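Structure record follows, encoded as structure tokens.
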Amino acid sequence: MPDQHPEPTAAPAPALLCDVHALTARPQAPAGALWKLAESGRQLDANVIHLVGDQHIETHAEPDLDVLLLVIAGHGSLDAPDGTVRLAPGALCWLPHGSSRSVTAGAEGLDYMTVHRRRPGMRIGRRPD
């Protein structure tokens, strides 16, 4: 006869994911995402981004999600319609949903982490009428 009481699943446990200083200390790191949060069951998305010297991310807005941006290494600027914020290690910026911004790395590059609520996955279904 099958077991009527399934085994309880293990509770999620905290985990060390990476050392951001070691990750961003690599000489000649390629531009782009150096790390992404990929754990199953997560409610957040996070990325460590590397911009090479003077690289620019064009003006854009995130319509649905607030984003936190934490500078890990390097320098740069965050440009928004109401002004420019100078970015340096330790700077923590809130980017409210709907706000427009661009990011420019300084001459030596810029490494930063972004964190936001995870987007729901794509679903197969009918379009609303």
Side-chain angles (χ1 to χ4, degrees):
M1 185 175 225
D3 186 3
Q4 298 295 324
H5 303 285
E7 290 293 318
T9 58
L16 176 64
L17 300 173
C18 74
D19 177 338
V20 295
H21 292 291
L23 186 66
T24 58
R26 299 182 322 177
Q28 306 302 318
L34 299 177
W35 173 86
K36 292 183 178 192
L37 183 63
E39 279 50 41
S40 64
R42 70 189 187 279
Q43 295 179 345
L44 294 174
D45 274 331
N47 303 287
V48 174
I49 305 296
H50 172 66
L51 301 180
V52 297
D54 300 317
Q55 185 176 358
H56 180 73
I57 296 176
E58 295 295 327
T59 300
H60 64 286
E62 168 50 63
D64 302 319
L65 302 172
D66 290 358
V67 177
L68 287 177
L69 182 151
L70 174 64
V71 177
I72 300 166
H75 292 84
S77 62
L78 173 73
D79 296 304
D82 61 345
T84 297
V85 175
R86 297 289 170 214
L87 300 176
L92 178 61
C93 301
W94 173 50
L95 310 174
H97 68 281
S99 65
S100 65
R101 67 277 190 163
S102 65
V103 177
T104 303
E108 76 283 356
L110 179 67
D111 296 302
Y112 62 90
M113 172 179 268
T114 59
V115 180
H116 58 79
R117 187 180 74 233
R118 187 175 182 195
R119 294 179 187 281
M122 294 182 67
R123 297 187 181 127
I124 298 174
R126 299 172 74 181
R127 286 188 186 184
D129 294 332

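Just so it is clear, the structure is predicted and the values come from calculations on it, not from any experiment.
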T59 side chain reached by D79 side chain, heavy atoms, under 4.5 Å: no
Residues, nucleotides or ligands: over 12 heavy atoms within 6.0 Å of R42 CZ: yes
Side-chain heavy atoms of E39 within contact of L17, under 4.5 Å: yes
Residues in salt bridge (Lys or Arg N to Asp or Glu O under 4.0 Å) contact with E108, at least two apart in sequence or another chain: none
Considering all heavy atoms, the nearest L110-G74 contact: CD1-C, 4.0 Å
Flag for D64-H97: side-chain donor and acceptor within less than 3.5 Å: no
Within one Ile-Leu-Val-Met-Phe-Trp-Tyr cluster: V67 and V103, side-chain cutoff 4.5 Å: yes
same_hphob_cluster(L68, Y112) at 4.5 Å side-chain heavy-atom cutoff: no
Contact check, side chains of R101 and L95, non-hydrogen atoms, under 4.5 Å: yes
Linked, directly or transitively: I72 and V115 (ILVMFWY side chains, under 4.5 Å): yes
Which atom of P89 lies closest to which atom of A73, heavy atoms considered: CG-CA, 4.0 Å
Gap between atom CG of N47 and atom OG1 of T114 - 0.5 Å precision: 4.0 Å
Residues E58, H60; criterion side chain to side chain contact (heavy atoms under 4.5 Å, CB included); working and verdict: CA-CA 6 Å; E58 295 295 327; H60 64 286; 6.0 Å; no
Hphob cluster co-occupancy, W35 + I49, side-chain heavy atoms under 4.5 angstrom: no
H21 NE2: over 12 foreign heavy atoms closer than 6.0 Å: no
L70 with L87, same ILVMFWY side-chain cluster at under 4.5 Å: no
H116 NE2 to L37 CG distance, which is reported to the nearest 0.5 Å: 10.0 Å
Nearest-0.5 Å distance, CG of residue D45 to CZ of residue R118: 6.0 Å
Interatomic distance, H50 atom NE2 to D111 atom CG [nearest 0.5 angstrom]: 5.5 Å
Contact summary for A29 and V52, nearest pair of heavy atoms: O-CG1, 4.4 Å
Over all atoms of both residues, closest heavy-atom pair of S99 and P96: OG-O, 2.6 Å
